[in-house]
Amino acid sequence: MPELPEVEVVRAGLEPAVDGATIERVTVLDERSLRRHAGPSEDFTARLTSARLAAPRRRGKFLWVPLDDLRDRLVLLVHLGMSGQVLLRTPDAPLDRLTRIVIDLAHPVHGALRVDFVDQRVFGSMALDELVPAPDVEDDTVPRQVAHIARDPIDPAFDDERFLASLRRRRTTVKRALLDQTLVSGIGNIYADEALWAARIHADQPTETLSRPRARLLLEEVRLVLAKALAEGGTSFDAQYVNVNGASGYFSHSLNAYGRGGEPCRRCGTAIVRVAFMNRSSHFCPRCQRVRGSRGSRVE
DNA sequence: CCGGACTCCTGGTTGC
DNA sequence: TGCAACCAGGAGTCCG
């Protein structure tokens, strides 16, 4: 579902349309899409109306648009959840059936625009939030709700050494660690499986038994997988993800592990296995990806 | 600190 | 054909 690459595609696509634009009107069609907003929807609409917007920013799977209003340090925060989409439309375009929030904009160059927040499963939401100092870097800010989220691996300020040290301190298994947004952000179930496949590491490998070179390799593969997805415009195997212009971005044909249960591993031909994991699924090659013990090896 | 269960939610798919 | 059960899982919370 939307992970870092998909959210970044949305951010980049939104930037020219919202940077410098003024909000003319906000229409909340479904209050559930404000689950991350502290106040009632009237508060959300009132404080956004007539605000001027700056360039959108992102950390992990969180996206925010700063209000060009230094007094309040307010931002429009967006999380796509499982099925959220941000669609950029002309004012007269028909509304998608699952549209939850509509924001009408006036842009000095592009004129009247409409930003539609569409979300089938309603796990995503918008909110008004306040910027607070980033806990790790001077002169950087993040929305309060994002302060506990770690930097993502393509953030220039991501600290590799710090990540490797925290990973080693964790007493957990490696896929859990990859999905833990307070350790490293932006990775969801799809890219976790892809990065582990690429690094030939089993999801259940305890983090404290991961050698430093293998941990480094994993981080490198995470970056490669994310960069590849980014270059291809994001993944969409079920057309849930749609970029800001409404066109599907996908590279599902490039997936090596995720969703390929029963199909041959592209490296060795062994059937990819799908197992239950944390109320979801893990996909891996049982031959390429084995749990390695400190001595000998245990499979599965 | 850690893992597991639970919550939010709906549409597409599967199974009877 | 019809309907119900099932599945997809990001993130927060709570509990043991």
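Chain letters run A, B, ... following the sequence lines, proteins first and then strands; every chain starts at 1.
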[atom1] of [X] versus [atom2] of [N]: gap in Å, rounded?
| X | N | atom1 | atom2 | answer |
| --- | --- | --- | --- | --- |
| A:Gln120 | B:dT13 | CD | P | 11 Å |
| A:Asp30 | B:dC8 | CG | P | 15 Å |
| A:Arg144 | C:dG12 | CZ | P | 15 Å |
| A:Leu34 | B:dC9 | CG | P | 14 Å |

Practice prompt. Kindly say whether A:Pro153 contributes a backbone atom to a donor-acceptor pair with the side chain of A:Arg223 at under 3.5 angstrom?
Written response: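 Between the backbone of A:Pro153 and the side chain of A:Arg223 there is a qualifying donor-acceptor contact (under 3.5 Å).
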Would you tabulate the pairs of protein nitrogen or oxygen atoms and nucleotide nitrogen or oxygen atoms of nucleotides 1-3 of chain B closer than 3.5 angstrom?
from  : atom 1 : to       : atom 2 : distance (Å)
B:dC2 : OP1    : A:Arg171 : N      : 2.4
B:dC2 : O3'    : A:Arg171 : O      : 3.2
B:dG3 : OP1    : A:Thr172 : OG1    : 3.0
B:dG3 : OP2    : A:Thr172 : OG1    : 2.7

Worksheet item: With A:Lys175, which of A:Asn189, A:Ile187, A:Asp204 fulfils side-chain contact (heavy atoms from CB on, under 4.5 Å)?
Response: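 With A:Lys175 as partner, A:Asn189, A:Ile187, A:Asp204 yield a single side-chain contact (heavy atoms from CB on, under 4.5 Å), made by A:Asn189.
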Practice prompt. Between A:Arg35 and A:Leu98, name the one whose nearest nucleotide on DNA chain B is closer to the 5' end.
Written response: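 Its nearest nucleotide lies further toward 5', so the answer is A:Arg35.
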Item to complete: May I ask you to decide if the ring planes of A:Phe163 and A:Phe158 are parallel, tilted or perpendicular, using 30° and 60° as cut-offs?
Response: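 Rings of A:Phe163 and A:Phe158: tilted, as their planes differ by 30° to 60°.
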Worksheet item: Does A:Arg216 have any side chain to side chain donor-acceptor pair (under 3.5 Å) partners at least two apart in sequence or in another chain, and if so, which?
Response: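 Only A:Glu161 meet the side chain to side chain donor-acceptor pair (under 3.5 Å) criterion with A:Arg216.
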Fill in: Crowding at CG, A:Asp92 (>12 non-hydrogen neighbours, <6.0 Å)
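Correct, the count exceeds 12.
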Practice prompt. Quick one: list whatever passes side-chain contact (heavy atoms from CB on, under 4.5 Å) with A:Ala55, sequence neighbours left out.
Written response: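 A:Glu15, A:Asp19.
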Discussion item. Can you list everything that forms a side-chain contact (heavy atoms from CB on, under 4.5 Å) with A:Arg32? Sequence neighbours excluded, please.
Written reply: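 Listed in chain order: A:Asp30, A:Arg100, A:Val122.
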Between protein and nucleic acid, restricted to nucleotides 9-11 of chain C and to nitrogen or oxygen atoms under 3.5 Å apart, what atom pairs and distances do you find?
from   : atom 1 : to       : atom 2 : distance (Å)
C:dG9  : OP1    : A:Asn189 : ND2    : 3.1
C:dG9  : OP1    : A:Tyr258 : OH     : 2.5
C:dG10 : OP2    : A:Asn189 : N      : 3.4
C:dG10 : OP2    : A:Arg280 : NH1    : 2.7
C:dA11 : OP1    : A:His79  : NE2    : 2.7
C:dA11 : OP2    : A:Lys61  : NZ     : 3.0

Worksheet item: Any idea which heavy atoms bring A:Ala147 and A:Val142 closest together, and the distance?
Response: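 Of all heavy-atom pairs spanning A:Ala147 and A:Val142, the closest is CA-CG2, 3.8 Å.
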Worksheet item: Can you name the closest pair of heavy atoms from A:Asp116 and A:Arg89 and give their distance?
Response: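 Looking at all heavy atoms of both residues, the closest pair is OD2-CG, 3.8 Å.
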Practice prompt. Using five base pairs at each end, measure the axis-to-axis angle across the helix from B:dC2-C:dG16 to B:dC16-C:dG2 and round it to 10 degrees.
Written response: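 For the helix from B:dC2-C:dG16 to B:dC16-C:dG2, the axes at either end differ by 60°.
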Discussion item. A:Asp152 vs A:Arg58, test: salt bridge (Lys or Arg N to Asp or Glu O under 4.0 Å). Steps then yes/no.
Written reply: CA-CA 9 Å; A:Asp152 58 63; A:Arg58 182 193 55 74; 3.0 Å; yes
Discussion item. Apply salt bridge (Lys or Arg N to Asp or Glu O under 4.0 Å) to residues A:Asp43 and A:Arg47 and explain how you reach the verdict.
Written reply: CA-CA 6 Å; A:Asp43 172 70; A:Arg47 290 160 77 195; 3.0 Å; yes
